[in-house]
Amino acid sequence: MKLDTHIIDGTLMCLPPCSFRPALRKVQAIARDERCSNTVLSAIIGNDPGMALLVLSRANFAHDSDEGFLGISSAINRLGLGGTAALLDEITVIPEHLIRPLGANWASASAAVTMSRLLLYRVNGALFPSPHDRDIVAACAVLFDLGTILAIRGFGEQCTLAGQRLAADEDSFPSLLGEELGMSPGELAKRHVSHWGLPASIAEALAQQYQPIPEGRDPL
């Protein structure tokens with residue numbers, strides 16, 4: 001059943017960042033260790049969609065453009081280790097019944113982070129010359145497939161219906177989900193990160209992740 005846009009927006013606003021209990025407890029302990037380095041903490045948070053969204057949004061609050069955008073490492077510097085540790089206490093633990101469904105999304109985000117790092121290394125600044133550009137790319141990578149994560153958490157009925165149709169339909173899961181929900185997963189991600197105050201460039205990039213690449217076109 002398609003939902004009214006206001007209902008979807010209200011549901012999205014009520015979905016706090018989340019993460020898996022073992023990873024969350026580990027990073028909370030690390031963040032409270034005075035010997036902890038920014039490099040170690042940013043590497044862990046930078047691979048977790050829930051932790052990354054909260055840290056990025058809080059450190060970049062009120063920034064409505066790429067200018068001045070802080071990546072994970074700079075965000076932690078701004079918040080401080082103590083502030084980051086306190087912030088992580090606000091993250092919701094993923095409930096038992098969603099551990100398996102969301103595990104695949106977290107794995108995909110981690111793979112996207114790895115690929116983005118390889119990409120940035122290979123192009124050597126040719127495509128993304130400024131640190132801000134590279135921070136934007138890294139943020140988009142860790143938030144990869146955020147729309148599906150939000151749909152699983154907030155719109156289970158529509159996800160189930162889309163999954164049932166997937167076995168017999170030639171269309172993609174994002175397209176089927178959009179038909180059942182009345183809003184594409186890309187639009188879900190765009191609205192959610194906009195609510196959390198991330199720049200429009202990140203919101204637009206997340207929305208475009210679900211668009212098929214035309215045949216013969218270079219994705220870069």
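In what follows, every heavy atom counts, from backbone to side chain, and hydrogens, waters and symmetry copies are set aside. Small disclaimer: the values here were computed from a predicted structure and weren't measured.
For the salt bridge (charged side-chain N to carboxylate O under 4.0 Å, His left out) condition, the pairs that include at least one residue of residues 5-15, sequence neighbours left out, are Asp9-Arg191. Sorted by first then second residue, the ring pair (Phe, Tyr, Trp, His ring centres under 6.0 Å) pairs that include residues 13-44, not counting sequence neighbours, are Phe20-Trp106. Judged as a salt bridge (charged side-chain N to carboxylate O under 4.0 Å, His left out), the pairs with a partner in residues 29-51 (not counting sequence neighbours) are, in order, Arg32-Asp89, Asp33-Arg35.
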Throw together a table of side-chain donor-acceptor distances under 3.5 angstrom for residues 11-18, partners on residues two or more places apart or in other chains.
from: Thr11; atom 1: OG1; to: Ile7; atom 2: O; distance (Å): 2.9

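Listed by chain and number, the residues in a salt bridge (Lys or Arg N to Asp or Glu O under 4.0 Å) with Glu179 are Arg165 (sequence neighbours excluded). In this structure, Thr84 has no side chain to side chain donor-acceptor pair (under 3.5 Å) partners at least two apart in sequence or on a different chain. Checked against side chain to side chain contact (heavy atoms under 4.5 Å, CB included), Pro95 has the following partners two or more places apart in sequence or in another chain: His97, Leu98. Scored by the side chain to side chain donor-acceptor pair (under 3.5 Å) test, Arg100 finds no partners at all (sequence neighbours excluded). Under the side chain to side chain contact (heavy atoms under 4.5 Å, CB included) criterion, Ala109 pairs with Pro49, not counting sequence neighbours. For Arg21, there are no side chain to side chain donor-acceptor pair (under 3.5 Å) partners, not counting sequence neighbours. Judged as a side chain to side chain donor-acceptor pair (under 3.5 Å), and not counting sequence neighbours, Arg117 has no contacts. A search for salt bridge (Lys or Arg N to Asp or Glu O under 4.0 Å) contacts involving Glu96 returns nothing, not counting sequence neighbours.
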